[in-house]
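Counting starts at 1 for both ligands and their atoms, in listed order.
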Amino acid sequence: MTEKEGILVTDKQEIEQPLLHAKNIKKYFPIKGGILKRTIGQLKAVDDISFHVYEGETLGVVGESGSGKSTLGRVLLRLLDPTAGQIIFNSVDISTMANREIRPFRKDMQIIFQDPFASLNSKMSVEELIEEPLVIQQQLPKSERRKRVIDMLEKVGLRASDRLKYPHEFSGGQRQRISIARALIMEPKFVICDEPVSALDVSIQSQVLNLMKDLQDDLGLTYLFIAHDLSVIKHISDRVAVMYLGRFVELTSKEKIYENPLHPYTQALLSAVPVIGIDDEEPNRDKIILKGDLPNPADPPTGCAFRTRCPHAFDRCAVERPNLVEIEKDHLVACHLYS
Ligand code: SF4
């Protein structure tokens, strides 16, 4: 393990190519108050996060609702401007580019949203929905666009004739397949998947996850996969980052997260995952009940943000914020228990 551009990287990662490098990313939202609506504070949705995403991998980002994971995804795609920090995509710093400059990069960076109903315009046919990015970004003749749409529909498990239908004619799982086709039509390199299966029935979730894995292999995609459900993250991720109140508290391989979680928050999240039947891969875990709810991100606790819910908190936790450091090989944790 060595330090590279301020981030601890493993020997394996040194020989792999980072597609995206997030460096000290912050996203603060001003809190307005008083008659004059002056800024009276900052909501630190993302607070100084650094990491790499390597070509061809899936980095899962997991945390409760309100932890800042979706904001992080939107900042990485520059759908939101970062308050501070750098986003280096394919070796180019895109963090401060103007909209006009960033347009060529948009084709390589796409997003799949949680709710396919809300993200698909119900007045547009499937063909219009899927070809729209091609119309906006590329000057292709209609015949070529149609060929690409049909090709993509087949890749996501739909039929060529489905292009003439409208979103309401499909089930939730099929609508998410249309969203995936729309995101992939530009042949992106990097896709942010923002809770893409959490609105679907459990029986459909694994079908869509398997489709996403197959597409990743076929098209050489790199995913940042955001979810609140650890069993979904386990299904698809190579590495996992656990996020709490705007910061990563643990980052390691999927195997280490599930076999040897070190941060008390990760341990609590894992203990809450229901184990159905006998799963040999799933270690027996005592249930850890977390005290209270996620604190208000506009007024987080001092020191370690998790201390108000942590069963192991001690004096130091109230005064000093723990940094994400390597505790064992390729396993980064932000907790004073280990330092
Ligand atoms: Fe718990 Fe302290 Fe570790 Fe935070 S630093 S997770 S409060 S033990």
- Item | Residue and atom name of the nearest protein heavy atom (relative to atom 4 (Fe) of ligand 1), distance in Å to one decimal | C304 SG, 2.3 Å
- With a distance cut-off below 6.0 Å to the six-membered ring centre and an angular limit of 45° from the axis, does K165 pair with F170 as a cation-pi contact? yes
- Task: Please work out whether any backbone atom (N, CA, C, O) or any side-chain heavy atom from C-beta onward of R316 is under 4.0 Å from ligand 1, and answer side chain, backbone, both or neither.
- Result: neither
- Message: Within ligand 1, which atoms have a heavy atom of C310 less than 4.0 Å away?
- Response: 1 (Fe), 6 (S), 7 (S), 8 (S)
- Item | Which residue and heavy atom of the protein sit nearest atom 5 (S) of ligand 1, plus the separation | H336 N, 3.3 Å
- Message: Taking 2.8 Å as the cut-off, does H312 contribute an N, O or S atom near atom 4 (Fe) of ligand 1, distance below it?
- Response: no
- Hey, which atoms in ligand 1 end up nearer than 4.0 Å to a heavy atom of H263? 6 (S)
- Query: Would you say the side chains of H228 and E64 form a donor-acceptor pair under 3.5 Å?
  - Reply: no
- Has C335 got an N/O/S atom less than 2.8 Å from atom 2 (Fe) of ligand 1? no
- Where's the contact between P264 and ligand 1, heavy-atom distance under 4.0 Å: side chain, backbone, both or neither? side chain
- Query: Parallel under 30°, tilted from 30 to 60°, perpendicular over 60°: which one fits the rings of F51 and F248?
  - Reply: tilted
- Item | side chain to side chain contact (heavy atoms under 4.5 Å, CB included) evaluation trace for Y223 with I192 | CA-CA 6 Å; Y223 290 147; I192 300 227; over 6 Å; no
- Query: Considering the options R239, H52, Q216, which one meets the side chain to side chain donor-acceptor pair (under 3.5 Å) requirement together with E57?
  - Reply: R239
- Message: Check whether F29 forms a cation-pi arrangement with K27 (NZ or CZ under 6.0 Å from the six-membered ring centre, at most 45° off the ring normal).
- Response: yes
- Query: Parallel, tilted or perpendicular: which fits the ring planes of H263 and F306, with parallel below 30° and perpendicular above 60°?
  - Reply: tilted
- Message: Which of the numbered atoms in ligand 1 are under 4.0 angstrom from any heavy atom belonging to C317?
- Response: 2 (Fe), 5 (S), 7 (S), 8 (S)
